[in-house]
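All of these numbers come straight from a predicted model, not from anything done at the bench.
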Amino acid sequence: MVARALRDAGMEVIYTGLHQTPEQIVAAVIQEDADAVGLSIHSGAHMTLIPRVVELLRERGAGDVLVFGGGIIPKDDIPLLKERGVAEIFTPGTPTQKIVEWLRATLNPQPIN
């Protein structure tokens with residue numbers, strides 16, 4: 001759903017499919033020269049998988065890639081993920097338009113006059 005909303009908003013989206021390892025995700029991000037990577041985790045492995053993607057991006061010289069996530073993530077884990085370099089977490093029920101607006105604003109901040 002999020003990928004479709006981002007495409008509908010005019011963003012280029014590369015969907016890598018389900019059950020990708022952090023290494024596979026990072027390889028795709030680097031190969032495609034992506035500005036951001038969105039991860040949806042519904043398995044309960046968010047505290048392992050998402051920080052691993054952030055870590056691998058840094059190791060590969062792509063630490064400037066924006067990492068955001070969503071899925072079934074307990075509220076108590078969100079600050080911990082942000083401490084580990086995740087820019088934002090969207091929980092179930094977040095309107096896709098909110099994600100689109102956040103991504104646009106974060107990737108293309110307006111100058112302060």
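- Atom CD1 of residue Ile89 and atom NZ of residue Lys75 lie 14.0 Å apart, to the nearest 0.5 angstrom.
- The two residues Pro51 and Arg84 make their nearest non-hydrogen contact at CG-NH1, 3.5 Å.
- Checked against salt bridge (charged side-chain N to carboxylate O under 4.0 Å, His left out), Glu55 has the following partners two or more places apart in sequence or in another chain: Arg52.
- Not counting sequence neighbours, Lys98 has no partner by the salt bridge (charged side-chain N to carboxylate O under 4.0 Å, His left out) test.
- With sequence neighbours excluded, no residue forms a side-chain hydrogen bond (donor to acceptor under 3.5 Å, both in side chains) with Glu32.
- In this structure, OG1 in Thr16 is found 8.5 Å from CG in Leu39, a value given to the nearest 0.5 Å.
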Practice task
Given side chain to side chain contact (heavy atoms under 4.5 Å, CB included), test Ile30 with Val65 step by step and report yes or no.
Solution key: CA-CA 9 Å; Ile30 291 171; Val65 173; over 6 Å; no

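- Within the model, atoms CD1 of Ile14 and CG of Asp33 stand 9.5 Å from one another, a figure rounded to the nearest 0.5 Å.
- Across all non-hydrogen atoms, the minimal contact from Thr91 to Ile73 is CG2-O, 4.0 Å.
- Heavy atoms of other residues, nucleotides or ligands lying less than 6.0 angstrom from CZ of Arg4 number 12 at most.
- For Gln20, there are no side-chain hydrogen bond (donor to acceptor under 3.5 Å, both in side chains) partners at least two apart in sequence or on another chain.
- The minimum heavy-atom distance between Pro92 and Gly71, with the atom names listed, is CD-O, 3.1 Å.
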Practice task
In sequence, state the C-alpha distance, the side-chain angles, and the governing distance for Glu88 and Lys82, and then conclude on salt bridge (charged side-chain N to carboxylate O under 4.0 Å, His left out).
Solution key: CA-CA 7 Å; Glu88 190 59 82; Lys82 288 184 175 184; 3.0 Å; yes

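- Listed by first and then second residue, the ring pair (Phe, Tyr, Trp, His ring centres under 6.0 Å) pairs that reach into residues 42-97 are Phe68-Trp102, Phe90-Trp102, sequence neighbours excluded.
- When side chains are defined from C-beta on, Leu103 counts as touching Leu66, because their heavy atoms get closer than 4.5 Å.
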Practice task
May I have the step-by-step check of side chain to side chain contact (heavy atoms under 4.5 Å, CB included) for Thr96 and Asp8, ending in yes or no?
Solution key: CA-CA 11 Å; Thr96 55; Asp8 290 349; over 6 Å; no

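- Sequence neighbours left out, not one pair with a member in residues 2-21 passes ring pair (Phe, Tyr, Trp, His ring centres under 6.0 Å).
- Here CD of Glu83 is found 12.5 Å from CD1 of Ile78. Values are rounded to the nearest 0.5 Å.
- Counting heavy atoms from C-beta outward, Val29 and Val53 have side chains that stay 4.5 Å or more apart.
- Within 6.0 Å of CD in Glu59 there are more than 12 heavy atoms belonging to other residues, nucleotides or ligands.
- Note: Asp35 CG to Thr106 OG1 = 12.0 Å, rounded to the nearest 0.5 Å.
- Counting all heavy atoms, side chain and backbone alike, Val100 lies closest to Ala9 at CG1-CB, 3.6 Å.
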